[in-house]
Amino acid sequence: MYTLIHKSVLNDACICQLLRTCMSRVAALPGVPSRRHISTGRAKPEHTLSKSQYQSPLRCARQLSGRPGGAMNVFDRTMKRKQKKWSASLQDGDQYDYMRAEIGLRVADRVYDVARTFPLALDVGCGKSYIAENLSKDVVERFFLTDICSKSLQRQSEMPTHCVLADEEYLPFKDNTFDLVVSSLSLHWINDLPGALRQIHQVLKPDGVFIGAMIGGETLYELRCSLQLAELEREGGFAPHISPYTAVTDLGNLMGQAGFNMLTVDIDEIQVHFPGMLEVMKDLQGMGESNCAWNRKPMIHRDTLLAAAAIYKEMYGNEDGTVPATIEVLHMIGWKPHESQAKPAKRGSANVSFADLSKIGTMAPDQKS
């Protein structure tokens with residue numbers, strides 16, 4: 001017999017007692033193998049969790065019963081802050097930032113394509129300010145940088161900047177403040193992406209522009225498939241180890257719903273070659289891009305990891321022994337509406353048919369010499 005108890009009436013002691021009771025009942029069931037060590041007789045856990053990986057029973061109960069934000073709360077933002085802080089504190093951390101530096105350069109290049117000067121700009125989730133490093137004072141006069149990690153904001157650049165420690169999900173700025181908002185490789189860790197885009201739209205001035213880049217849905221498909229196949233073969237099932245990403249087919253709709261117009265969405269596909277799968281995972285950790293989804297698995301079995309590395313090399317390996325890692329980058333540009341912007345013609349006002357396009361290259365008989 002099972003009894004449903006509301007989470008508000010449980011405290012730590014109650015939850016611990018319930019967990020002990022459930023575990024004792026499961027252990028008493030026939031067919032459940034014992035995990036006792038033969039030589040000592042003491043219970044030997046299958047894995048040993050470090051203090052940072054351990055979750056208290058109360059926290060687990062809160063996660064299962066519902067977290068703030070409901071279904072929109074996909075990522076553990078506290079864990080993501082710790083990952084970024086650890087990455088920023090590495091002495092050789094710059095060697096892992098090659099992807100952020102490259103995408104920051106590409107976003108800055110798109111800013112230069114807009115032929116105007118922006119008096120006030122905002123970088124949402126700036127990281128180590130790779131966008132600001134590639135912009136000049138002639139384009140942006142004042143630059144505000146925001147990030148959830150204080151260590152990332154300590155990096156200085158030649159651009160006159162103002163650093164603000166803030167979460168990308170809650171922008172602490174008034175409406176109609178900035179002429180330009182940029183973001184590079186930060187929005188894919190946002191729980192409420194539609195809400196974040198609406199906030200960016202609100203802080204922009206009319207006729208302001210948002211230029212951003214985020215990770216797309218086909219990123220690291222080689223690593224995802226290899227881990228799933230290995231875990232399915234070794235453990236009889238698999239858990240998500242790669243973060244869920246936004247598909248390019250949804251991004252335009254999300255920006256349109258946020259209020260942007262004159263939208264531009266394009267895809268960059270970048271392949272980086274590594275000696276093996278373990279080097280791919282090491283670089284992801286150094287970048288601070290490890291999975292932080294609430295439903296992530298705390299650890300991977302050693303046998304599963306070795307099997308995944310072999311599958312990765314067998315299925316996707318190059319002739320020279322290296323393996324590729326594919327990064328799909330979604331670039332987006334959207335403008336906040338203003339009366340001075342060009343507007344589309346009314347539906348049905350065209351005076352030329354598409355059927356006439358086939359006649360453009362033809363000449364009238366009397367025009368032939």
Side-chain angles (χ1 to χ4, degrees), residues 68-77 80-81 84 100 103-104 106-108 110-111 113-114 118 120-127 130-132 140 143-148 164-219 243-268 289 292-293 328-338 341 344:
M72 300 299 294
N73 199 345
V74 180
F75 303 111
D76 184 352
R77 297 287 293 175
K80 178 50 59 180
R81 182 183 295 108
K84 297 185 71 172
R100 295 185 182 278
I103 303 305
R106 299 188 184 192
V107 173
R110 284 165 168 78
V111 175
D113 290 339
V114 182
F118 301 98
L120 195 60
L122 170 68
D123 189 348
V124 178
C126 65
Y130 285 110
I131 298 179
V140 176
F143 213 169
F144 277 77
L145 309 177
T146 64
D147 200 89
I148 60 175
V164 179
L165 183 64
D167 196 324
E168 298 96 323
E169 294 185 341
Y170 308 100
L171 297 181
F173 304 104
K174 295 182 179 180
D175 296 351
N176 306 320
T177 302
F178 298 98
D179 305 278
L180 167 70
V181 176
V182 295
S183 179
S184 177
L185 301 187
S186 175
L187 295 180
H188 57 280
W189 292 117
I190 298 295
N191 281 307
D192 185 7
L193 183 58
L197 291 175
R198 285 194 296 268
Q199 290 187 64
I200 292 174
H201 181 270
Q202 291 171 359
V203 301
L204 275 173
K205 293 180 180 178
D207 200 29
V209 60
F210 167 58
I211 302 176
M214 63 184 298
I215 296 298
E218 297 299 320
T219 297
S243 172
Y245 299 119
T246 304
V248 64
T249 54
D250 299 328
L251 188 56
N253 294 331
L254 291 175
M255 294 192 66
Q257 293 174 5
F260 292 99
N261 63 1
M262 297 190 293
L263 302 177
T264 302
V265 178
D266 61 289
I267 304 175
D268 273 348
E289 290 292 324
C292 70
E328 185 185 62
V329 183
L330 308 182
H331 292 275
M332 68 204 90
I333 300 177
W335 294 77
K336 189 169 184 177
H338 189 260
Q341 295 173 353

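Starting from 1, each residue takes its place in the sequence as its number. Keep in mind that what you see is a predicted model, and the values were worked out from it rather than measured.
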Would you check if [X] and [Y] make a side-chain contact, meaning some heavy-atom pair closer than 4.5 Å?
X    : Y    : result
K336 : F210 : no
M214 : L193 : yes
L122 : V182 : no

For the residue pair [X] and [Y], what are the closest heavy atoms and their distance?
X    : Y    : answer
S186 : G125 : OG-CA, 3.5 Å
P172 : V164 : CG-CG1, 4.3 Å
G256 : L263 : N-CD1, 3.9 Å
N191 : V74  : OD1-N, 2.6 Å
F118 : D179 : CD2-O, 3.7 Å
V140 : A121 : CG1-CB, 3.6 Å

Just by modelled atom types, is the [Y] backbone N or O under 3.5 Å from a matching donor or acceptor in the [X] side chain?
X    : Y    : answer
D167 : I148 : no
Q199 : E169 : yes
R110 : G212 : no
S183 : V124 : yes
S184 : A213 : no
E218 : E328 : no
T177 : K205 : no

Working to the nearest 0.5 angstrom, can you tell me the gap between [X] [atom1] and [Y] [atom2]?
X    : Y    : atom1 : atom2 : answer
L187 : I200 : CG    : CD1   : 5.5 Å
D123 : L145 : CG    : CG    : 5.5 Å
H331 : T264 : NE2   : OG1   : 12.5 Å
L185 : C126 : CG    : SG    : 12.5 Å
Q257 : D250 : CD    : CG    : 9.5 Å
T219 : Y245 : OG1   : OH    : 6.0 Å

(request) May I have the step-by-step check of side chain to side chain contact (heavy atoms under 4.5 Å, CB included) for W335 and V114, ending in yes or no? (result) CA-CA 11 Å; W335 294 77; V114 182; 3.8 Å; yes
(message) Please evaluate residues H201 and F260 with respect to the criterion ring-ring contact (aromatic ring centres under 6.0 Å, His included), reporting the C-alpha separation (whole Å), side-chain torsions for both, the decisive distance (0.1 Å), and the verdict.
(response) CA-CA 7 Å; H201 181 270; F260 292 99; 5.2 Å; yes
(request) Could you give me the CA-CA distance, side-chain angles and deciding distance for L197 and M255, then say whether side chain to side chain contact (heavy atoms under 4.5 Å, CB included) is met? (result) CA-CA 7 Å; L197 291 175; M255 294 192 66; 4.2 Å; yes
(request) Only one of R77, K84, K80 passes side chain to side chain contact (heavy atoms under 4.5 Å, CB included) with C292; say which it is. (result)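 Of the listed options, the one satisfying the test is K80.
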(message) Apply side chain to side chain contact (heavy atoms under 4.5 Å, CB included) to residues L254 and M332 and explain how you reach the verdict.
(response) CA-CA 11 Å; L254 291 175; M332 68 204 90; over 6 Å; no
(request) Step by step, work out the side chain to side chain contact (heavy atoms under 4.5 Å, CB included) result for N176 and L204. (result) CA-CA 5 Å; N176 306 320; L204 275 173; over 6 Å; no
